[in-house]
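Before any comments, here is the structure.
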Amino acid sequence: MAIVRNRLKSMIARAAHSLDGYQDLEAELTIELDIPKNSGHGDYATNFAFALAKRLKKNPRQIASELIANLADPDGLLEKVEIAGPGFVNFFINSSAWHEIIREVLNDPQNYGRLEAQGDFPVQVEFVSANPTGPLHIGHGRGAAIGDVLANLLEARGANVQREYYINDAGNQMDTLGRSLYYRYRQELGAGIEFPDNHYRGGYMRELAREFIGQRGETFRDTSLEEALPVFTEYASRRIFEGIKEDLDVFGVRFDNWFSERQLHERDLVRKTIDYLRERGFIYENEGALWFKSTAFGDEKDRVVVRANGVSTYFAADLAYHRDKFERGLKTVIDIWGADHHGYVDRILAGIQAMGKNRESVRVVLVQLVNLLRGGQPVAMSTRGGEFVTLREVVDEVGKDATRFIFLTRRTDSPLDFDLEVAKARSNDNPVYYVQYAHARLCRIFEVARERGFSFDWRSASAQSLHLLQVREELQLMKLLGEYPEVLGECARSLEPHYIPYYLHQLVSLFHGYYHDNRILGDDDRLTEARLCLALAVKEVIANALALLGVSAPEKM
RNA sequence: GCGCCCGUAGCUCAGGUGGAUAGAGCGUCGGACUUCGAAUCCGCAGGCCGCAGGUUCGAAUCCUGCCGGGCGUACCA
């Protein structure tokens, strides 16, 4: 990619090669190019001389000056190079170099910043995976947004991504769910019975009971719990799961695969996985239970996989599940979990290592919890407790775009206060509208240009007029457009999407200021052409980034 | 008790492997529309980066110890 930053980086690398002793260090040192806050320090700066100085036992300034002396710049990329402070090297780029970024963007706008698909490199992102015992809440929504965007991002960076939802449709919680519906059903039919503790008492269970009566009538009025339970369990889990799918759909989240925990048991994979681990020497018996020796891989204690009563644990199923993922040929598995599961990370990593996989083949992203507020007051959140705000209600009230954008503007491991009144009432000042407004504004410019009969084709226009872009904000915009691939790369490396919203804000802010001070459609046709090229590139990158975030890019608003 | 995460402007949050004068939004206050969209722009104010040590040319960032908050510490899922 002919991006200024990369060209500069390889220039420095070549220069470094002729330094004494660099050959031994090349593998362990990477050249970092920083964009200085102070423009007096150049377009790019590097602290590379410091890193070398430590290893070569020489003065950083000395190394910096040798580095500069070795720089070869046949294309005239650099206008000026300086040594500053104790050994920074500051690079000033020739303004003509920025123009090629526009062509780079416009040549293939949808794919700008993306990488070619890397052939056979299947990666799975598993996310949400909420139990089908109640509607999705706001915390699931955060995980959904992050998982969805990480999947988009990895795909954009060349991975072959599969999105999967793991359905915990087994275990005694399913019985609890069925009983909850059964009791609500009886109550709705007038039976004066108590609703037991530790069951799902949310309003949705009452609705489900009424719906069930509408479908099946009073058939089960006098049926015993034991006899009726399978019907009620099946009905409740199916209907709740359908609701979850619908809520995700409304939130713009799609999955390639829905993986049922129950099928693990039906295919006998849980038992087979335990046998497999036993053959490898990681299973032992103690006090009537079967244990997995997770301490062999750094977990703080061993974990039970089959209880003394003969029933396997949730963890055992999860081991089987992860084994199955690799059986399916996945190279890397990314699990997105709520931060309240962090105690679980070590044991699952121990599990996959016991299966002969390396630790890096599973990456766990912990998403911190969401504190839902309304006007500064906490809103209670508990599935069994009953009253809580669902994801669907939040999306209906705040809007999909704003909800996603708020989730995606924080680091995943940072707790998030989500205030409904703030997200909604100040909607005009919401950062997502700031970005969308810029996009709509840009669309309008092209509409006006058409109305005025101004014909514009970026390919011919760019060749003859881009050199006219010399205003400071224009140079800054082009430079920032050039950073976009870097931003995507950082997101994909760190599995942190929040750099994208921050980048968008920066880009859009620069554009709004530029727009305010300069006319894009002016008297000089050549200059107008040039500015339209720039405007088009900005618009395309905004749309490109919003698409990755799953946020719409409206033409009008 | 032990383990993990977090303490940055009044509020909500950014600050890749240590880098130059710590940033943004909101909020406060004051300015800018006969022009391509004012859902915008410009400016002012706001900080012992939880506290105390340490490592070094250099620390919000790394190490140690405190203080304060969240979560986890099941033969639950």
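FYI, side chains are in, hydrogens and waters are out, and symmetry mates aren't considered; it's all heavy atoms of this structure. Please read all numbers here as calculations on a predicted model, not as lab measurements.
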Would you be so kind as to tabulate the donor-acceptor pairs closer than 3.5 Å made by side chains of residues 337-347 of chain A, with sequence neighbours excluded?
none

Tabulate below the donor-acceptor pairs under 3.5 Å that side-chain atoms of residues 33-42 of chain A make, not counting sequence neighbours, or state none.
unit_1 : atom_1 : unit_2 : atom_2 : d
A:N38  : OD1    : A:G40  : N      : 2.8

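Shown for residues 501-511 of chain A: residues whose heavy atoms fall under 4.0 angstrom of RNA chain B, namely A:Y502, A:H505.
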- For RNA chain B, produce a single dot-bracket line, 5' to 3'. Pairs: Watson-Crick or G-U wobble, both distances under 3.5 Å. Symbols: ( ) within strand, [ ] crossing, | other strand, . unpaired. (((((.(..((((.....[...))))..((((.......))))......(((((..]....)))))).)))))....

Sub-3.5 Å pairs of nitrogen or oxygen atoms, protein against nucleotides 57-62 of chain B:
unit_1 : atom_1 : unit_2 : atom_2 : d
B:rG58 : O6     : A:K54  : NZ     : 3.1

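By the stacking rule of 5.5 Å between ring centres and under 30° between planes, A:H41 stacks on the base of B:rA20. Here A:F88 does not pack flat against the base of B:rG19, since the 5.5 angstrom centre distance and 30 degree tilt limits are not both met.
For B:rC6, neither phosphate oxygen OP1 nor OP2 lies less than 4.0 angstrom from any side-chain nitrogen or oxygen of A:R411. Between A:R452 and the phosphate of B:rC36, there is a side-chain N or O to OP1/OP2 separation shorter than 4.0 Å.
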- Task: Using a 4.0 Å heavy-atom cut-off, write out nucleotides 71-77 of chain B from 5' to 3' as B (base contacted by protein), S (sugar-phosphate only) or - (no contact).
- Result: BSSSBSB

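Atom name C1', nucleotides B:rC29 and B:rG70: the rounded distance is 36 Å, in whole Å. Atom name P, nucleotides B:rU61 and B:rC5: the rounded distance is 16 Å, in whole Å.
A:K479 forms a cation-pi arrangement with A:Y44, by the criterion of a distance under 6.0 Å to the ring centre and an angle within 45° of the ring axis. A:K80 forms a cation-pi arrangement with A:F92, by the criterion of a distance under 6.0 Å to the ring centre and an angle within 45° of the ring axis.
Checked by distance alone, A:D417 brings no side-chain donor or acceptor within 3.5 Å of a matching partner on the base of B:rU12.
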